[in-house]
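This structure is a prediction, so every number in the text was calculated from the model and none was measured. All residue numbers refer to positions in the sequence shown, counting from 1.
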Amino acid sequence: MDHYDADENNYMAPEDDWDRDLLLDPAWEKQQRKTFTAWCNSHLRKAGTQIENIEEDFRDGLKLMLLLEVISGERLAKPERGKMRVHKISNVNKALDFIASKGVKLVSIGAEEIVDGNAKMTLGMIWTIILRFAIQDISVEETSAKEGLLLWCQRKTAPYKNVNIQNFHISWKDGLGFCALIHRHRPELIDYGKLRKDDPMTNLNTAFDVAEKYLDIPKMLDAEDIVGTARPDEKAIMTYVSSFYHAFSGAQKAETAANRICKVLAVNQENEQLMEDYEKLASDLLEWIRRTIPWLENRAPENTMQAMQQKLEDFRDYRRLHKPPKVQEKCQLEINFNTLQTKLRLSNRPAFMPSEGKMVSDIANAWGSLEGAEKGYEEWLLNEIRRLERLDHLAEKFRQKAAIHEAWTDGKEEMLQHRDYETATLSEIKALLKKHEAFESDLAAHQDRVEQIAAIAQELNELDYYDSPSVNARCQRICDQWDALGALTQKRSEALQRTEKLLETIDQLYLEFAKRAAPFNNWMEGAMEDLQDTFIVHTIEEIQGLSTAHEQFKATLPEADKERQAILGIHNEIAKIVQTYHVNMAGTNPYTTINPQEINTKWDKVRQLVPQRDQALIEEHARQQNNERLRRQFANQANVIGPWIQTKMEEIGRISIEMHGTLEDQLNHLRQYEKSIVNYKPKIDQLEGDHQLIQEALIFDNKHTNYTMEHIRVGWEQLLTTIARTINEIENQILTRDAKGISQEQLSEFRASFNHFDRDHSGTLGAEEFKACLISLGFDIANDPQKKTGFMDMDDFKKCLISLGYNMGEAEFARIMSIVDPNRLGVVTFQAFIDFMSRETADTDTADQVMASFKVLAGDKNYILADELRRELPPDQAEYCIARMAPYTGPDAVPGALDYMSFSTALYGESDL
């Protein structure tokens, strides 16, 4: 019989040759005709046509050539359009020649048989095409073609009960094989558990209907033909099963491509969320700083101590309650920024550049401005409190001295203006003159008090006392009155001197009394003023000085008492003379207004004020002792906490250099270390409480310690920030290791090599240390002087790379330096070196890989449609792509076409997204 065969690849084994008896079997021929026709139409419909009768519709060769063009993707020679037999034979020959060009050896199949409508030859030719273009390329576990397709079916249906695929005929009769293939790849389409092996018609129809409706596989077989035939046609079964293979293998490729895109998009979405979080946190922190700095820079003084104490309390609330959370936010912001940059670097994305004014450096600068304003504000508060305290003291002192002076001057003007001398006797005139002399002495004694009042008023003005206008007005009245008293005194003196010659008798005893009583009275008034004078001290030494002066004053009291007795004796002698000689006197001392009763009253007042002064000094001494106790209490804690913080800072530095074990062990160790540091916080809080007691006691210095609360706060905040940053560095190393596929041994080797040459444990390699590292690698390095900068310069780094096996041409070295030293500083940090080594030893997704994945989803088109994205990707990521892909504008563009190529390059920073 006539038959066809393939080349040495044997597309059909001998048992697959056409068997005359089987070929004449009408059931088999019917199955092949239906199956081959459906298979041809599944491809011809892509060109907008189809066939109805397989032996008739291929006779002119036109649709045969079109079928080959569709399934091969190549162009055949231009067909003949004539209706003559020779034209048809020419077209069929062109098709057969194309089949032969693909390595298929056709035997006994000629163009004339096809043109004549020979059904056997036509079916044989179509089977040859199916073998070459649908089955030959199937490859499963080093088997191909028919064996590969059979093995694929066996692998896919192995888990299903009652399915045993051993061939392409009777193994498929019950329909469970077709249903198992569909359920294995699309379990949602068939409820396999409800199928029964004894119901092949239902099984077959279910598989054929589902394949046609959901898998776009045309119905190539009839269930009745398969069930009604003892041995279904093998070629028909193979043709139909190959359609399942191609449908599901394409879906698997699309799923792989979709997974790759999902992975890339998920990384991009996560990074965008981190960027948005950074922008918001940075904006909030900068806004808080912007609002806080004007408050700290407000230097509007208050008029009272109570108001300034309230401001100080508000500032304490700011330091205890409002600022610490912002310190944590600032630290977290830096950690988030470093983590984001690490993730971007690991995923081959460009570095994140925050909005203008929101860089980490901008936040650090703003924070520095805040700290500066805060320091200045606290100093200003304390200075203002000192100033108001001083002002209150001076104002009270001014009021006391002014009141005493005004009491003394009360009635003096009227007295000086009295013209009593005009009707006085000679003795009275002399008395008036002596009395005036005594007044002038008293007036001179009060000159110092007036000068003190003016000096205090001037100091209040210089210290910007809020009630300066009233002080100035009162001071001016006193000065004006003092000038008037001086003028009136001078005028009265001249008047008395004019009449002095008329007066000859004067009582010397009255004069003596007046002269001695006036200074003694002035002394008593001064003593009362001093004993009632308020005082302000800040140390025990100062209060001891006041106590010593007070004891010295008390030592003078016996002598003062003797003077008082002497003055009272003069008065007693005057009374005796008046009584003895019946002197006609007015009954009062004409030379002074001071009388014994007043002297005794003031003396009693002085004696009463002395123990009160004693008690005030004792109470102040006790207060200063308490202040000294607070100073020592604060100093004892500060002298322990300050060195402890410094020691912990040094230990963290050593830990970051001398770390051992896995990164996870190091991270756990650091977190335990951080917990031990945080557990120290109660001692800081206790010190804050002692500091508050010191400030409330208005203690402004402490000679027992060099540490201030500000030093402790700054050190504590730096300690928390340093341990958090060290933990973040280890987390980023873990992220680098996991993302880049670097082993723990590699990271340990990097760290061990670095620590070996870091002899000073500074965390960096100096020039000489790096030179020793190169020599250990076998390089003869000249003993050139190098700076110990802790970094590698360009020549050092180049030699290091050569020692690690890199071929360092100038262009290649320039490229590497642009990666590790983007700022062109001429040095290479350890972190930059590790990042470079990590990047060189790991593989990551690229823009070309993502572009190739999109092309698979697009069916090899240069563009992709929104429906295709929604079909292959999860909804959120599909919409993400649709929103960001630009319209495709190529010559083959269709409505709604999207440009996935520019989108893929934008994901990796090669263009704008």
Side-chain angles (χ1 to χ4, degrees), residues 305 309 382-383 385-405 407-408 445-446 448-449 451-453 455-456 459-460 463 519-565 599-636 690-705:
M305 279 286 290
Q309 290 284 5
L382 297 177
N383 290 334
I385 290 175
R386 294 190 188 99
R387 184 181 71 83
L388 288 176
E389 187 179 36
R390 174 67 176 164
L391 284 175
D392 288 346
H393 172 68
L394 289 175
E396 181 61 26
K397 194 171 185 178
F398 174 86
R399 286 190 291 270
Q400 287 184 2
K401 289 185 177 294
I404 293 173
H405 177 77
W408 179 83
H446 281 79
D448 182 63
R449 182 180 287 114
E451 291 175 355
Q452 289 178 4
I453 291 173
I456 293 173
E459 188 171 358
L460 287 171
L463 292 177
F520 183 75
N521 181 68
N522 190 53
W523 175 86
M524 287 192 298
E525 289 180 348
M528 288 189 294
E529 180 181 351
D530 291 337
L531 290 172
Q532 296 179 86
D533 188 19
T534 58
F535 53 83
I536 177 171
V537 294
H538 296 97
T539 65
I540 290 181
E541 291 76 13
E542 291 177 356
I543 192 63
Q544 288 175 345
L546 290 177
S547 297
T548 301
H550 183 60
E551 292 300 323
Q552 292 173 352
F553 166 77
K554 290 196 294 184
T556 64
L557 290 178
E559 287 296 327
D561 189 47
K562 290 180 181 179
E563 178 66 11
R564 181 181 69 86
Q565 294 294 340
I599 290 176
N600 287 330
T601 300
K602 290 183 178 179
W603 176 256
D604 293 337
K605 181 65 174 177
V606 169
R607 300 286 294 180
Q608 180 183 358
L609 289 175
V610 167
Q612 295 178 3
R613 185 73 167 185
D614 288 337
Q615 183 62 30
L617 290 172
I618 291 173
E619 291 175 355
E620 181 61 27
H621 189 272
R623 190 175 74 87
Q624 290 302 324
Q625 284 182 326
N626 183 62
N627 288 353
E628 184 68 7
R629 181 187 62 79
L630 292 176
R631 289 189 183 96
R632 293 182 182 277
Q633 179 175 319
F634 176 86
N636 290 339
D690 293 342
H691 179 65
Q692 180 176 348
L693 294 177
I694 284 178
Q695 288 192 327
E696 290 173 351
L698 300 180
I699 299 173
F700 304 107
D701 54 19
N702 193 340
K703 65 182 180 181
H704 303 296
T705 182

> Among all residues two or more places apart in sequence or in another chain, which pass the side-chain contact (heavy atoms from CB on, under 4.5 Å) test with Leu693?
Replying inline: Leu630, Asp690, Glu696

> In chain order, what residues pass the side-chain contact (heavy atoms from CB on, under 4.5 Å) check against Ile404, with sequence neighbours excluded?
Replying inline: Arg449, Glu529

> For Thr705 and Arg631, what are the C-alpha separation, side-chain angles and deciding distance, and is it a side-chain contact (heavy atoms from CB on, under 4.5 Å)?
Replying inline: CA-CA 9 Å; Thr705 182; Arg631 289 189 183 96; over 6 Å; no

If you round to the nearest 0.5 Å, how far is [atom2] of [Y] from [atom1] of [X]?
X: Arg607; Y: Lys554; atom1: CZ; atom2: NZ; result: 10.0 Å
X: His405; Y: Glu525; atom1: NE2; atom2: CD; result: 12.0 Å
X: Asp448; Y: Ile453; atom1: CG; atom2: CD1; result: 10.0 Å
X: Asn702; Y: Glu628; atom1: CG; atom2: CD; result: 7.5 Å
X: Lys602; Y: Trp523; atom1: NZ; atom2: CH2; result: 12.5 Å

> Is Arg613 reaching over with its side chain to a backbone N or O of Asp533, donor-acceptor style, under 3.5 angstrom?
Replying inline: yes

>> Taking Arg629's backbone N and O only, do any of them form a donor-acceptor pair with Gln633's side chain (distance below 3.5 Å, no angle check)?
In response: no

> Does a donor on one side chain sit under 3.5 Å from an acceptor on the other, for Arg623 and Asn626?
Replying inline: no

Run the side-chain donor-acceptor check on residues 555-563: report pairs under 3.5 Å with partners two or more places apart or on a different chain.
{"from": "Thr556", "atom 1": "OG1", "to": "Phe553", "atom 2": "O", "distance (Å)": "2.5"}
{"from": "Asp561", "atom 1": "OD1", "to": "Arg564", "atom 2": "NE", "distance (Å)": "3.1"}
{"from": "Asp561", "atom 1": "OD1", "to": "Arg564", "atom 2": "NH2", "distance (Å)": "2.9"}
{"from": "Glu563", "atom 1": "OE1", "to": "Arg516", "atom 2": "NH2", "distance (Å)": "2.9"}
{"from": "Glu563", "atom 1": "OE2", "to": "Arg516", "atom 2": "NE", "distance (Å)": "3.2"}
{"from": "Glu563", "atom 1": "OE2", "to": "Arg516", "atom 2": "NH2", "distance (Å)": "3.4"}

> How are the rings of His446 and Trp408 set to each other: parallel, tilted or perpendicular (split at 30° and 60°)?
Replying inline: parallel

> Just one of Lys605, His550, Gln608 clears the side-chain contact (heavy atoms from CB on, under 4.5 Å) bar with Leu531, so which one?
Replying inline: His550

> Can you name the closest pair of heavy atoms from Ala445 and Asn522 and give their distance?
Replying inline: CB-ND2, 3.6 Å

